[in-house]
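For reference, positions follow the sequence shown, starting with 1. Only a predicted model underlies this, so the values are computations on that prediction, with no experimental measurement involved.
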Amino acid sequence: MRCLYCNCTESKVIDSRSADDDRTIRRRRECMGCGRRFTTYETIEITPVLVVKSDGNRQAFDVGKIKRGIVKACEKRPVPAEKIDKLAEEIAKRVYNSMESEISSKEIGELVMEGLKKLDEVAYVRYASVYRSFKDISSFMSELQNMMDKKKE
């Protein structure tokens, strides 16, 4: 770490504290050259993940977009906000832990549907109806029939 004042590369850490909900470490340093003190922050570097859309376009992964979709599906349903937040965080963790630089929007949609199926069946059907773009009532009914068959098993 280079000193801001004298450009010396030698410094010692005087104090370390966590910041930003334990996602950042704040370090107070003292320059070995001039003796002045300065603060540095250490954070985890997140490798950006690109989402490949069905038309081939790419955009940065945005967990907020996932959360908004889940909230929309759960509208007027008895689903607590904490569970929605937790599901969005779990999906983000799975995306980042895959260690892939790109993921298809289809894979993300499947992760959301998998989570919604466990969270609230009505929210799942709402999301699936938009995600799978049901064309008519028969495709909608076949999805409901699949759910009912799996529930019986």
Worked verdict on R26 versus S18 for side-chain hydrogen bond (donor to acceptor under 3.5 Å, both in side chains): CA-CA 6 Å; R26 179 185 181 270; S18 63; over 6 Å; no
R29 bridged to E10 by N-O distance under 4.0 Å: no
Nearest atoms (heavy-atom pairs only) where A73 meets Y127: CB-CB, 4.0 Å
V52-V63 co-clustered via ILVMFWY side chain contacts under 4.5 Å: no
Donor + acceptor pair across side chains of R27, S16 (<3.5 Å): yes
Considering all heavy atoms, the nearest C34-C31 contact: N-SG, 3.4 Å
Nearest-0.5 Å distance, CD1 of residue I66 to CZ of residue F61: 5.0 Å
Contact check, side chains of D62 and R68, non-hydrogen atoms, under 4.5 Å: yes
Side-chain heavy-atom pair K72, K67 within 4.5 angstrom cut-off: no
Distance, nearest 0.5 Å, that separates CE of M32 from SG of C6: 11.5 Å
Test item: side-chain donor near acceptor, R28 and T39, under 3.5 Å: yes
Side-chain heavy-atom pair I70, C74 within 4.5 angstrom cut-off: yes
Side chain to side chain, R126 and E121, heavy atoms closer than 4.5 Å: no
Spacing of R77 atom CZ and L119 atom CG [to the nearest 0.5 Å]: 10.0 Å
Close side-chain approach of M1 to F38, heavy-atom, < 4.5 Å: yes
Test log, rule salt bridge (charged side-chain N to carboxylate O under 4.0 Å, His left out), inputs E102 and R58: CA-CA 9 Å; E102 293 184 345; R58 286 166 171 71; 2.6 Å; yes
Non-hydrogen atoms of L87 and L116 that approach each other most closely: CD2-N, 4.0 Å
Side-chain heavy-atom pair S11, C3 within 4.5 angstrom cut-off: no
Residue pair K53 / V51, side-chain heavy-atom distance below 4.5 Å: yes
Rounded distance [0.5 Å steps], CG in L50 versus CG in N57: 11.5 Å
Close side-chain approach of E90 and K86, heavy atoms under 4.5 Å: yes
Spacing of R94 atom CZ and E114 atom CD [to the nearest 0.5 Å]: 4.5 Å
Atom of E100, atom of V49 and distance for their closest heavy-atom approach: O-CG2, 3.8 Å
Check ion pair R37-D15 (N to O, under 4.0 angstrom): no
